[in-house]
Each structure stands twice: as structure tokens, then as C-alpha cells.
Trainee: 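Got a structure for you, written out below as C-alpha cells; questions coming shortly.
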Amino acid sequence: MSGDIKRGSVEMTAAMLISGTIGWFVVMSGQPVSGVVFWRSLFGAMTLLVICGALGLLRPGIITLRAFAIAIFGGVAIVVNWLLLFASYSHATISIATTVYNTQPFMLLALGALFLGEKITAAKLFWLTLAFAGMAAIVEAKPAAGGASDGYGLGIVMALGAAFFYALAALAAKWLKGTPPHLIALIQVATGMLMLAPMTTFSQLPGDAGGWAILVTIGVVHTGLMYVLLYGAIQRLPTHLTGALSFLYPIAAILVDRLAFGHALQPMQIAGAAIILIAAAGMNLGWSPRWLRPRALQG
């Protein structure tokens, strides 16, 4: 294993494990969802501002006006994504919300076909159909008595909405190819900070150091540090390895939800989650079922 692959694997693993714990921090913050996203954006922007300055990314002329506008569009999408995902936790549990959120590759597939002219192959259509089957299993499942049963369907819809807006942000990133990713992240969180400042209730601030520590951690670790690790990994790893390691995120989230809050998935939910994750893996890693391959490639 080369040095770049080894370092990239460590960075990607760390980024996904960090992402998998954010649900616990959001729930334990005790803040309204809009407040959590505002403080995440503020502390994340402060962290990324230092990082971008250290990398020399704040000099004039490094980004065009068009690219800046697209980055703002991506920022609006990523902030709406955070709002919906965090709100879904209280309805469908962190485990289910995170699993449903991992339908984002299929959202991006549809957007890529609509706006970028990307071809939807038979294999991709197969994985999309399989993901919908997994989604149907989760929707039909009954939440456990100790889980979040109030508004279960609403939580699933919110997680799907979060996946859609994440896909919009990813589409914007595709249009920004060549723009430094840390600078894109800075613009995104700064956009979120400005968006949410008018609707943030500053009278409901944390009353102790522990509460502030949670919000600072979400901004500095789950946003600033996570972006640095993620982009570093993407630059060093081949696409298939990046896709494979990304599945540490939902697995970590499910474990955290089980250990911290005692939310165990029901058999139908486990089946649906497994189907969705397998379908997403097939999409990300370019798997093609044998019967869908051209005859010349079989054997």
C-alpha cells in the first residue's frame, strides 16, 4: 500500500467516524435545529477561515464571480440539507434517518441525468430499484417502542429531503471543478451563518460550558476538521476506495444510536437498511449484476 493510499484511508476513515457521531452531539446539544446549524456554520466558518488563510486561498482572484455564485447556491442547499437531516432524528431515530439519507447517490444520479446529460445505465437502474425496495421495507416497518415513533413517516420524508439537497450541493460542486474545495466549504458555511442568523433565538443559548463545548465541537470537528480530512482523502484515494470507506458513516451512526440511546432496529428496518446500503455500494463502486453485462463480457 502506497503512502498516499494509506494516509488517504486513515483520513477517510476518520472523516466518516466523525460524521457518524454528529447525531449524538445534535441531540445532546438541546438546541433548536436552526440554532445547531447556525452555530455549526459560525464555528465551522471560523475554523475554515483559518485553514483557507494558511493555505493561501484568500487572495484576490482565486475564484470567479460565477463560481462564487454557484458556491453560494451549494451553500443554501447544504444548509437546508443539515436542517432536514437534524430535524429527522427526533422522528425516525438517528439510525433510520442516516440510512435513508444514504439514498443521496440516487438523487445525484437523477440530477446528473437532468442537468449534466449523464447516462443512466441498466446497472444503475437496477441499484435504484433495489434502493426503492429497501425504502419500502423501512416505511412499512413499525418503530420499536423505545424508538422515535411519533412522526416516523415525516422523519423518513425529511431524511429523503436532506439527501436531495445534499445531491444539489454535490451537483454544484461538480460545476466548481478546479475551485479549491476548502474555499467552497468556507463559502457554504458562511452562507449558512448569514441565512440562519435572523431566525436564531439567541435567548436560548447553552447555560453551561458543556453545552457550548458540544456546539463548538460540531463546528470545529464535525465541520472544519471533517472537511479537511474528507477532501484530503478524496485527493489521495481512488474513487472505488472512497466509495467503500464512505459506508463507515451509516454504520457508525447506527452503533452510536444503539449504544447512546438504546435504539435497536427492527427486523424489517434492518432488512431495508441493508438493501439500501448494498444498493448504494453497488452505485458507488460500479458493480454490475452478471445478467446485465453484455454477453461478450460474461464468462
Side-chain angles (χ1 to χ4, degrees), residues 9 12-13 15-24 81 84-85 88-89 91-110 120-149 151-164 166-167 170 239-293:
S9 297
M12 189 68 184
T13 298
M16 293 302 96
L17 292 178
I18 289 171
S19 296
T21 64
I22 193 170
W24 182 88
N81 148 70
L84 289 172
L85 180 61
S88 71
Y89 292 158
H91 296 287
T93 76
I94 294 170
S95 299
I96 292 299
T98 305
T99 301
V100 171
Y101 181 61
N102 272 269
T103 58
Q104 53 194 253
F106 304 102
M107 308 284 187
L108 187 57
L109 172 67
I120 298 180
T121 63
K124 290 178 179 178
L125 196 58
F126 168 76
W127 295 123
L128 177 62
T129 304
L130 192 64
F132 275 118
M135 185 64 57
I138 286 178
V139 170
E140 288 298 318
K142 300 295 182 184
S149 59
Y152 180 71
L154 176 61
I156 291 175
V157 170
M158 285 179 169
L160 283 172
F164 173 75
Y166 180 89
T239 302
H240 74 275
L241 193 50
T242 301
L245 290 173
S246 69
F247 288 96
L248 290 173
Y249 167 38
I251 292 170
I254 290 170
L255 288 175
V256 167
D257 198 24
R258 180 70 179 95
L259 295 173
F261 302 110
H263 293 160
L265 296 180
Q266 299 304 294
M268 185 72 79
Q269 292 174 321
I270 292 173
I275 291 170
I276 288 174
L277 294 180
I278 289 170
M283 270 285 296
N284 281 339
L285 304 180
W287 295 343
S288 180
R290 187 177 179 83
W291 67 87
L292 292 177
R293 299 174 192 169

Trainee: Take atom CZ in Phe247; do more than 12 heavy atoms of anything else shown fall under 6.0 Å from it?
Mentor: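 Yes, CZ of Phe247 has more than 12 neighbouring heavy atoms, counting only those of other groups under 6.0 Å.
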Trainee: Of all residues at least two apart in sequence or in a different chain, which pass the side chain to side chain contact (heavy atoms under 4.5 Å, CB included) check with Ile251?
Mentor: Leu255
Trainee: How long is the gap from CG on Leu130 to CD1 on Ile276, to the nearest 0.5 Å?
Mentor: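 It comes to 9.5 Å.
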Trainee: Look only at the side chain of Trp127 and the backbone of Trp287, and say whether a donor-acceptor pair between them is shorter than 3.5 Å.
Mentor: yes
Trainee: A side-chain contact here means heavy atoms from C-beta on lying under 4.5 Å apart; do Tyr101 and Asn81 qualify?
Mentor: yes
Trainee: Does Ser95 have any side chain to side chain donor-acceptor pair (under 3.5 Å) partners at least two apart in sequence or in another chain, and if so, which?
Mentor: Asp257
Trainee: Please identify each residue that fulfils side chain to side chain contact (heavy atoms under 4.5 Å, CB included) with Thr121, with sequence neighbours left out.
Mentor: Ala123, Lys124
Trainee: Any chance you could measure Ile156, atom CD1, to His91, atom NE2, to the nearest 0.5 Å?
Mentor: 12.0 Å
Trainee: Given side chains that start at C-beta, do those of Arg258 and Leu265 come closer than 4.5 Å, heavy atoms only?
Mentor: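 In short, these two side chains do not touch, never coming nearer than 4.5 Å.
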Trainee: Just jot down the side chain to side chain donor-acceptor pair (under 3.5 Å) partners of Thr21, sequence neighbours excluded, or say none.
Mentor: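 Applying side chain to side chain donor-acceptor pair (under 3.5 Å) to Thr21 gives His222.
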Trainee: Restricting to side chain to side chain contact (heavy atoms under 4.5 Å, CB included), what partner residues turn up for Ala273, sequence neighbours left out?
Mentor: Thr99
Trainee: Should Tyr152 and Ile96 count as side-chain neighbours, where that means a heavy-atom distance under 4.5 Å?
Mentor: yes
Trainee: Please enumerate all residues that pass side chain to side chain donor-acceptor pair (under 3.5 Å) together with Tyr166, with sequence neighbours excluded.
Mentor: none
Trainee: Not counting sequence neighbours, which residues clear side chain to side chain donor-acceptor pair (under 3.5 Å) with Asn102? List them please.
Mentor: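 Side chain to side chain donor-acceptor pair (under 3.5 Å) check on Asn102 returns nothing, list empty.
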Trainee: What pairs with Ala15 under side chain to side chain contact (heavy atoms under 4.5 Å, CB included), at least two apart in sequence or on another chain?
Mentor: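 Ala15 satisfies side chain to side chain contact (heavy atoms under 4.5 Å, CB included) with Met226, Leu229, Leu230 once adjacent residues are dropped.
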